[in-house]
Amino acid sequence: MSDQIQLYEVFIRSSRGLDHKHVGSLHADDAQQALEYARDVYTRRGEGISIWVVASKDITASQESDCDSFYDPLDDKPYRHAAMYELPEGIDSL
Amino acid sequence: MRDSIPLISNEQKFQSRIDAEQKVEPKDWMPEKYRQNLIRQISQHAHSEVIGEQPEGMWITRAPTLERKAILMAKVQDEAGHGLYLYASAETLGVTRDELIDRLHTGASKYASIFNYPSLTWADIGAIGWLVDSAAIVNQVSLQNTSYGPYARAMVKICKEESFHQRQGYNIMMTLMQGAELQREMAQDALNRWWWPSLMMFGPHDAESAHSAQSMKWKIKRRSNDELRQQFVDQAVQQAHAIGLAVPDPDLVWNEQREHYDFGAIDWEEFQRVVSGNGPCNRQRLAHHVSAHKEGAWVREAMAAYEAKRRTVPAEVA
Amino acid sequence: MKLHDPLTRYVVRLGDDALIMGHRLSEWMSKAPFLEEDIALSNVALDFVGRARLFYQYGAELMGGEVTENTFAYQRDVRDFTNLLLCELPRGDFAFTLSRQFLYDAFSLPFTQALCNSTDSRLAAIAAKAEKESRYHLRRSRDWMLRLGDGTAESHERCQNALEQLWIYTDEMFERDALLDGLIASGIAVDPASLRSTWLETVTETLHAATLVLPEPQGGVTGGRKGIHTDDLGFLLAEMQFMQRAYPGLQW
């Protein structure tokens with residue numbers, strides 16, 4: 001494929017109630033063609049009811065070096081996790 | 001407090017992540033050798049899938065029943081798909097598909113030498129599906145735990161799809177063995193020709209493999225060549241015997257103590273010959289790929305030109 | 001293998017179209033311009049082979065006895081095949097294949113849509129599945145006509161040449177032969193002649209958008225429905241039927 005043909009990332013929702021999951025990438029001319037190829041490449045066994053394609057260049061990603069300042073502040077607030085809270089014996093529906 | 005915390009190098013951080021069975025993902029820092037090792041391994045795996053379309057692909061127009069025809073078409077299509085998943089994984093490491101195809105064409109990149117053998121009869125299609133795909137599965141199941149995330153995920157997808165490949169091949173052999181004498185002979189002949197090359201698929205004995213040790217340390221490779229080869233032999237021999245086929249190895253014998261089959265010596269000279277380009281079909285396999293790629297150049301150019309025009313022309317005018 | 005019952009002949013005719021089309025498309029596997037397209041073409045090929053099998057299986061039931069789908073595919077010679085000539089032409093280059101595909105798809109969609117209303121429930125059921133596939137096939141092949149027609153000078157020329165070569169084979173799609181009269185009257189078969197204007201509209205619109213020129217009307221070459229084929233079909237069958245002819249009467 002010449003360099004001008006774009007790389008697209010493919011996301012598939014395999015059944016109702018689930019999130020779209022990243023399954024891989026492919027090369028295509030435009031988004032419509034990417035969608036059609038995604039159907040042929042990634043859903044031959046009925047693995048998808050919804051496909052999203054995004055040009056790879058349009059994805060903004062965090063850097064690994066961001067980890068410390070980007071993620072650590074989120075990790076020191078255990079009160080956000082249900083496991084922190086003890087429950088009385090016999091209560092298991094909370 | 002800060003002064004007493006030892007500085008950990010990137011390499012140490014990386015290795016401890018590996019040791020802790022964590023995955024390495026595309027934007028992570030990684031040793032350059034790790035990146036190159038992976039690019040080599042993933043792209044060669046991808047090339048193998050694509051070149052692998054040929055020996056079976058050439059029997060699609062000759063498949064003896066409509067059902068076999070459809071099954072074979074679906075299988076070869078899967079192989080193209082697997083190649084695509086793997087090229088996509090390799091591209092996350094900073095290399096383009098164009099570059100990888102170029103390396104294949106110049107010989108800088110290799111593909112599994114098993115595909116340098118001809119598919120002479122319909123029984124070969126059975127043998128290839130049964131043995132070559134079995135060997136691939138043994139290897140790929142192990143790779144589902146490889147350290148690089150995109151590669152591991154591609155392996156999980158591929159493994160899900162691969163089991164039908166192995167079964168349809170074995171089913172062909174089984175049907176032949178239940179048929180006329182000429183069919184049984186055809187099946188046995190195919191096994192005789194594909195058995196040893198299948199064992200060679202697992203590569204040299206580990207002591208002799210240049211890449212093995214580092215690959216194991218980085219958990220790119222999870223189990224040794226010999227371990228995987230032994231697993232393959234144990235299951236394939238049982239499968240062969242179950243349908244009345246004889247394995248072409250006079251030294252094959254069940255070892256009660258090891259609880260594995262002992263098997264004969266592999267002809268490493270043949271392996272070297274085929275790997276270095278002098279197998280029966282090396283030239284044809286590569287020429288086929290080069291030619292398809294060249295003939296397709298005008299199509300790819302047309303796509304790029306069409307897309308470029310649309311980007312420069314506003315929607316209402318087009 | 002002479003077929004007499006009109007319904008059986010019609011069903012097998014539709015099976016022949018699908019099988020030969022699917023077979024030609026399958027010849028692209030491992031030879032496509034890039035991997036994504038290899039996979040996409042294979043899907044279209046599989047759709048056609050699957051469709052052929054549905055038609056042939058129905059035909060086999062109608063005939064009864066030892067006849068199976070494979071009897072139709074592997075035990076008949078050139079003179080007994082009744083597919084359109086358009087289907088059997090060699091695959092040519094990518095422009096030829098996609099142009100042929102587009103010209104056929106533009107017919108196949110309205111055809112399968114109409115066949116959904118067949119009074120024969122089995123044919124209607126097959127048509128329902130085929131119509132969904134044809135819709136997708138047409139979108140795909142139409143997009144390719146645009147890309148190739150309005151791509152580079154080379155792709156444009158290859159496409160235009162392909163259309164010029166294919167055009168004389170398009171009339172046959174709309175041919176209403178004697179077999180169809182009774183079947184159309186009873187609502188079983190589709191009158192292909194009635195689809196020509198829809199087809200021409202689709203083709204004209206697409207070619208115009210693709211900057212391609214509609215070829216001049218020419219006398220059509222027909223004969224496929226009567227078993228009068230081009231030289232190409234014999235070679236196709238020789239390859240396809242080799243195993244069954246060389247080793248008759250065996251299970252594979």
Side-chain angles (χ1 to χ4, degrees), chain A residues 1-67 70-71 74, chain C residues 22 25-26 28-51 53 94-95 97-98 101-102 105 108-109 129 131-156 158-159 206 209-211:
Chain A
M1 302 284 287
S2 95
D3 288 322
Q4 292 158 287
I5 301 187
Q6 286 206 82
L7 192 61
Y8 283 84
E9 302 298 329
V10 181
F11 302 81
I12 311 249
R13 188 207 315 280
S14 57
S15 61
R16 294 195 178 285
L18 298 180
D19 289 330
H20 281 79
K21 206 171 104 164
H22 181 245
V23 293
S25 62
L26 49 81
H27 290 260
D29 215 11
D30 58 38
Q32 193 55 42
Q33 194 189 37
L35 212 57
E36 287 172 14
Y37 280 148
R39 169 209 184 262
D40 288 327
V41 173
Y42 290 105
T43 71
R44 285 200 304 285
R45 285 166 168 80
E47 306 95 310
I49 60 157
S50 170
I51 303 174
W52 288 350
V53 292
V54 183
S56 308
K57 64 173 170 54
D58 290 335
I59 295 192
T60 306
S62 60
Q63 300 290 98
E64 199 219 345
S65 55
D66 286 347
C67 263
F70 207 65
Y71 296 115
L74 302 175
Chain C
L25 283 166
S26 77
W28 275 99
M29 295 180 73
S30 82
K31 297 178 186 144
F34 50 95
L35 268 185
E36 287 84 349
E37 187 56 28
D38 204 304
I39 295 164
L41 278 168
S42 307
N43 258 0
V44 181
L46 272 164
D47 283 346
F48 280 108
V49 171
R51 194 181 302 181
R53 296 187 64 201
F94 192 73
T97 287
L98 266 304
Q101 199 57 49
F102 170 68
D105 291 340
S108 178
L109 179 57
K129 180 170 193 287
E131 193 250 342
K132 283 199 192 92
E133 292 168 356
S134 290
R135 192 175 294 279
Y136 179 71
H137 298 166
L138 179 58
R139 195 171 89 189
R140 229 189 75 84
S141 58
R142 186 181 173 276
D143 281 348
W144 272 114
M145 295 308 285
L146 296 176
R147 273 184 219 114
L148 299 180
D150 195 16
T152 58
E154 179 175 4
S155 68
H156 179 96
R158 284 179 185 255
C159 229
T206 299
T211 75

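Order of the sequence lines fixes the chain letters, A, B, ..., with proteins taken first and strands second; residue numbering starts at 1 for each chain. These numbers come from the heavy atoms of this one structure, side chains and all, not from hydrogens, waters or symmetry mates.
Atom CG of A/Asp19 has 12 or fewer heavy atoms from other residues, nucleotides or ligands within 6.0 Å.
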Mind listing the side-chain donor-acceptor pairs of residues 39-47 of chain C below 3.5 Å, one per line with the distance, residues two or more places apart or on another chain?
| unit_1 | atom_1 | unit_2 | atom_2 | d |
| --- | --- | --- | --- | --- |
| C/Ser42 | OG | C/Asp38 | O | 2.6 |
| C/Asn43 | OD1 | B/Gln77 | NE2 | 2.7 |
| C/Asn43 | ND2 | A/Asp40 | OD1 | 2.6 |
| C/Asp47 | OD2 | C/His137 | NE2 | 2.7 |

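Without hydrogens or angle criteria, C/Glu36 side chain to A/His27 main chain gives a donor-acceptor distance under 3.5 Å.
Here the closest non-hydrogen pair linking A/Arg39 and C/Tyr136 is NH1-CE2, 3.2 Å.
The shortest distance between side-chain heavy atoms of A/Asp29 and C/Arg147 falls below 4.5 Å.
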